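One-based numbering, in listed order, for ligands and for the atoms of each. The structure presented is a predicted model; accordingly, all values stated were derived computationally and were not measured.
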Amino acid sequence: MKKMPVILDCDPGIDDALAMLIMYQNKEIFDLKLISASAGNTPIDITTKNIQFFAEKFFNGVKVAKGIGKPLKVVHPETAEDVHGVGGLGNYQIPEQNYPYEEDSVEVMYKTICDSKEKMNLIVIGPQTNIAKLIQTHPDVVSKIERIYAMIGSINGIGNVRPYAEFNAFFDPDAFKIVSMSGIPMTINPMELGHNSRLKKSIFASANAKNDIQIMIQSIIDGLYEWRDPSLVSIFDLHTVYSIVKPELYDFVPCDVNVTLDGKKDGECFLKENPDAKNYYISLKNPAEANGEILEDLFSME
Ligand code: BDR
Ligand code: CA
């Protein structure tokens, strides 16, 4: 099977970590060229360190690059340590990191994309800051990107950090707007998917963890705090990767992407069905069945 050339841009982040683990488990699908850090769930230094850790442990040899520390225009970004913990990985403590990384992920991304014989895919499961900057700085990159698979926004203008905005969209709404209007096809994993498929936290705690990785998963999830209902867990970002690995579990709905930037509801997002659109949003055909497969995959990881 031909591997998908891909750059991962993320802000780990508990669900980002699970998404990375699913990529590790499916190395025969992904030709991972670079992991780029965005600010989001925690400040950029912490997301970069977490990525260094995952790169060393699971993707040794892959390039790592640190992205932009602030959203394009938002002056006081709100990080999400209240959900993900101060270190971003719940109750899991990573060791000190020495894995090499480069400073300017926008330039590293551009070079990686230009060096590739095939069009590149981007998996973006944090705010879109680095991707927007890449498009602004190097507009020729648009024709070199096959598709962006993103966790961001919502179908119906609802949110988790504001009544109208999802976290990644709210953190850098200007970036989301730029990317959504760039012409690069997007496959969006909207907030509703994660909300409609929450898992009981206790399922993770009581899983029969058989090795260090599985114990690490338990410790990461154990530190997640969903303030609406602490007994539940949303694994938003994981679905962005899982929908590539197991597309049969998802519906792919062609849609237009509309992002609000009016100074009142910045980051509000509507995904409007349009049979002719080249963007899609995903939804789960059967959340219970998908959750069963996800748990089985996580707790068979070696
Ligand atoms: C998104 O926000 C972050 O907290 C998660 O990692 C996910 O990418 C969900 O709204
Ligand atoms: Ca994320």
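Assignment of M191 to the shell around ligand 1 is not supported, since no heavy atom sits closer than 4.0 Å. Under a 4.0 angstrom heavy-atom cut-off, N41 registers as being in contact with ligand 1.
When each atom of ligand 1 is checked for a heavy atom of F167 under 4.0 Å away, the hits are 2 (O), 3 (C), 4 (O), 10 (O). Near N160, meaning under 4.0 Å from one of its heavy atoms, ligand 1 places the atoms 9 (C), 10 (O). Atoms of ligand 1 found under 4.0 Å from any heavy atom of F236, numbered from 1 in the order shown, are 9 (C). Residue-ligand proximity, I125 to ligand 1, at heavy-atom distances under 4.0 Å covers atoms 8 (O). Taking a cut-off of under 4.0 Å to the non-hydrogen atoms of M151, the atoms of ligand 1 that pass are 1 (C), 7 (C), 8 (O), 9 (C). The distance from ligand 1 to the heavy atoms of D16 drops below 4.0 Å at these ligand atoms: 6 (O).
Using cut-offs of 30° and 60° on the angle between ring planes, the pair Y92 and F53 is tilted.
Looking only at atom types and distance, the side chain of D251 has no donor-acceptor partner in the side chain of Y280 under 3.5 Å away. With hydrogens and angles left out, the side-chain atoms of T112 and K63 include a donor and acceptor closer than 3.5 Å. With no hydrogens or angles considered, no side-chain donor-acceptor pair links S154 and N156 at under 3.5 Å. Residues N189 and H239 bring no donor and acceptor atom of their side chains to less than 3.5 Å of each other.
Here the angle at the Ca ion (ligand 2) defined by O in I125 and OD1 in D11 stands at 90°, rounded to 10 degrees.
Heavy atoms of other residues, nucleotides or ligands lying less than 6.0 angstrom from NZ of K73 number 12 at most.
Atom OD2 is the N, O or S atom of D237 at the shortest distance from the Ca ion (ligand 2).
Considering backbone and side-chain N/O atoms, D237 comes within less than 3.5 Å of an N/O atom of ligand 1.
Panel note: side chain Q128, backbone D172; no donor-acceptor pair is recorded below 3.5 Å.
Rounded to the nearest 0.5 angstrom, M191 CE and I158 CD1 are separated by 3.5 Å.
E192 is not listed as a side-chain neighbour of S283, based on a closest heavy-atom distance of 4.5 Å or more.
Protein heavy atom closest to atom 6 (O) of ligand 1, with residue, atom name and distance, is D15 OD1, 2.6 Å. For atom 1 (C) of ligand 1, the closest non-hydrogen atom of the protein is E166 OE2, 3.3 Å.
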